[in-house]
There are 2 protein chains.
Amino acid sequence: MKKKSSSANATFNNLPLEKREAIIRETVREFAASGYQKASLNIIVKNLGIAKGSLYQYFRNKEALFCFVFEEFTHLVKQTVKDGIGQERSADFFDRVKQVMLAAITFVDRYPDYFQIYLKVLFEHDVPRREELLARVRLFSREYFGPLCEEAREKGVIRRDIPVATLIFLLDAFLDRFLQGYVQPYLDGGLGMAKMSRKKLTAKIDEMIKVLRDGFVKERDKGSKGQRGKG
Amino acid sequence: MKKKSSSANATFNNLPLEKREAIIRETVREFAASGYQKASLNIIVKNLGIAKGSLYQYFRNKEALFCFVFEEFTHLVKQTVKDGIGQERSADFFDRVKQVMLAAITFVDRYPDYFQIYLKVLFEHDVPRREELLARVRLFSREYFGPLCEEAREKGVIRRDIPVATLIFLLDAFLDRFLQGYVQPYLDGGLGMAKMSRKKLTAKIDEMIKVLRDGFVKERDKGSKGQRGKG
DNA sequence: CGTGTATATGACCACCTGGTCACACTATGA
DNA sequence: TCATAGTGTGACCAGGTGGTCATATACACG
């Protein structure tokens with residue numbers, strides 16, 4: 001179980017923790033700032049104050065370095081979602097959607113650079129092993145929303161006349177755009193989410209989930225839990 | 001009125017139409033493939049079979065070349081949306097949302113490379129004049145959905161208990177993700193939109209708008225305004 | 001023809017990239 | 001003390017970048 005990562009050389013794992021963390025931090029910063037192709041190993045080593053040759057003794061090449069931080073990213077994502085959800089398992093479908101949203105916000109708050117890397121990879125075509133890496137994340141989407149929707153559908157909590165895949169797509173679009181807007185002001189539609197407090201953010205999420213639940217048309221606002229009577 | 005563009009030098013505008021189009025086409029292709037920073041002028045001139053010096057007589061520098069194609073992009077967007085909507089002005093709110101969606105699909109079908117450039121700019125930070133360019137587009141979002149929502153809200157067609165900005169955000173998230181999924185298979189949530197026919201795509205849009213209108217909960221297909229899809 | 005002007009050209013520049021490698025350093029163990 | 005092994009180093013490489021400029025060419029007008 002000592003095999004922490006196949007991307008890093010043994011030399012790297014033998015490094016003192018402090019140095020290892022510094023290298024990871026700087027590497028993540030550079031990839032987040034510039035994406036894969038434009039990220040400069042020269043800048044990384046300069047900022048770290050180490051020789052380029054050293055970096056190449058820790059990692060085979062640029063690709064291995066990148067894969068390493070991406071692996072870190074996937075670990076952190078899964079950890080954060082698990083932590084944010086596992087503690088209390090609400091039964092209500094929309095509450096659970098909300099929990100995922102909040103966990104996601106927590107993640108981008110805590111690890112903004114990692115999230116930037118993910119966004120960059122999404123729209124940078126010539127990243128090595130891109131498909132494999134993205135498939136490994138498929139951020140929150142199918143693994144979580146899939147079972148959630150199917151269960152709710154079977155229980156009759158959500159409508160049955162729309163394919164589950166379509167519902168997942170909408171939830172995913174909603175979540176992803178919410179995160180993107182949170183990080184990139186251009187995408188928040190003027191909501192100013194970037195500067196919101198956690199409390200305001202939670203209120204916004206509630207507001208939006210309300211619309212998702214009842215639609216653009218319905219005006220009445222009844223209980224926030226469970227489904228109200230049909231009709 | 002002859003001043004077509006401030007980004008291109010006079011020399012470029014004097015060029016024969018055919019050559020001008022070839023240059024634009026290849027430039028758009030390269031920026032779409034590689035984003036701003038990684039796009040190579042050397043590759044552009046090689047593919048065009050012209051000398052690098054020539055390109056620099058048409059455009060001051062890389063930035064001017066990029067701004068030129070981005071200006072083209074904004075023109076084409078506005079044109080396409082106008083064409084797709086102006087002809088028949090449906091009164092129904094959701095029909096008009098659908099029309100925007102279809103116009104957007106038409107755009108990315110017709111000008112996929114221009115759309116790629118837009119996506120790249122969205123997630124590439126060090127693009128010159130990025131904020132200005134993105135603000136100029138604010139793709140479909142506020143300029144169109146804003147008035148639409150406000151009108152519908154005043155007429156009582158959509159709920160009044162949610163701020164318009166929030167509704168716009170949801171519509172925008174929906175549209176943007178739909179387009180991104182259409183172009184990038186990773187983001188379609190397994191729907192396989194990339195390979196859908198126009199007819200199937202339209203059906204999917206109907207399906208999703210139905211959810212937006214009535215929410216995740218309602219199963220019955222009634223609606224407030226009556227006609228649903230094809231009646 | 002000659003002359004002037006607008007355009008086309010590609011060698012060339014400084015700078016940066018990812019990657020290499022011969023060498024220096026350090027620490028252990030005997 | 002020597003030897004071995006692990007680690008650190010930075011000059012160096014080939015190849016790419018955006019950008020320049022002296023020169024060659026094409027074309028107009030007299």
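For the numbers below, each heavy atom of this structure counts, side chains included, while hydrogens, waters and symmetry mates do not. From a predicted model like this one, the values you see are computed outputs, not experimental measurements. In what follows, every chain begins at residue 1, and chains take the letters A, B, ... in the order their sequences are listed.
Near DNA chain C, meaning a heavy atom under 4.0 Å away, the residues from residues 31-42 of chain A are A:Ala39, A:Ser40, A:Leu41, A:Asn42.
Annotation: side-chain hydrogen bond (donor to acceptor under 3.5 Å, both in side chains) contacts of A:Gln180 (sequence neighbours excluded): A:Asp176. In terms of the side-chain hydrogen bond (donor to acceptor under 3.5 Å, both in side chains) criterion, residue partners of B:Gln184 (sequence neighbours excluded) are, by chain and number, A:Arg130. In this structure B:Val183 satisfies the side chain to side chain contact (heavy atoms under 4.5 Å, CB included) test together with B:Val108, B:Phe115, B:Gln116, sequence neighbours excluded. B:Arg29 pairs by the salt bridge (charged side-chain N to carboxylate O under 4.0 Å, His left out) definition with B:Glu26, not counting sequence neighbours.
Taking atom CG on B:Asn14 and atom P on D:dA28, their separation rounds to 13 Å, with Å as the unit. If you measure from atom CG of A:Asp126 to atom P of D:dG16, you get 15 Å, rounded to the nearest angstrom. In this structure, B:Lys46 atom NZ and D:dT17 atom C1' are separated by 13 Å, rounded to whole Å. Atom OH in A:Tyr58 sits roughly 7 Å away from atom C1' in D:dT7 (whole-Å rounding). When rounded to the nearest whole Å, the span between CG of B:Leu55 and C1' of D:dT17 equals 14 Å.
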### Query
Taking it one step at a time, do A:Asp95 and A:Gln99 satisfy side-chain hydrogen bond (donor to acceptor under 3.5 Å, both in side chains)?
CA-CA 6 Å; A:Asp95 277 354; A:Gln99 278 178 341; over 6 Å; no
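Secondary-structure stems of DNA chain C, taken as three or more successive Watson-Crick or G-U wobble pairs (i with j, i+1 with j-1) under a 3.5 Å distance threshold, comprise C:1-30 with D:1-30.
Below 30°, between 30° and 60°, or above 60°: for A:Phe123 and B:Phe123 the angle between ring planes is below 30°, a parallel geometry.
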Would you list the protein and nucleotides 10-13 of chain D atom pairs, both N or O, that sit under 3.5 Å from each other?
residue, atom, partner, partner atom, Å
D:dG10, O6, A:Gly53, N, 3.4

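A distance-only check finds no donor-acceptor pair linking the side chain of B:Ser34 to the backbone of B:Phe31 [under 3.5 Å]. With hydrogens and angles disregarded, a donor-acceptor distance shorter than 3.5 Å links the side chain of B:Lys62 to the backbone of B:Gln37.
Screening residues 120-129 of chain A for salt bridge (charged side-chain N to carboxylate O under 4.0 Å, His left out) gives A:Asp126-B:Lys38, A:Arg129-A:Glu132 as the qualifying pairs, with residues at least two apart or on separate chains. For residues 195-204 of chain B, every residue pair satisfying the salt bridge (charged side-chain N to carboxylate O under 4.0 Å, His left out) rule, not counting sequence neighbours, is listed here: B:Lys204-B:Glu207. Annotation: salt bridge (charged side-chain N to carboxylate O under 4.0 Å, His left out) contacts involving residues 98-112 of chain A, sequence neighbours excluded, comprise A:Lys98-A:Asp206.
Smallest separation of non-hydrogen atoms from A:Tyr182 and A:Met193: N-CE, 3.3 Å.
Here A:Phe59 lies out of heavy-atom contact (under 4.0 Å) with every strand.
First and last contacting nucleotides of DNA chain C toward chain B (any atom under 4.0 angstrom from a heavy atom, 5' to 3' order): C:dT7 to C:dG10.
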Can I get a per-line list of side-chain donor-acceptor pairs under 3.5 Å for residues 49-61 of chain B, giving both atom names and the distance, sequence neighbours left out?
residue, atom, partner, partner atom, Å
B:Lys52, NZ, B:Asn42, OD1, 2.7
B:Asn61, OD1, B:Glu63, N, 3.2
B:Asn61, OD1, B:Ala64, N, 3.0

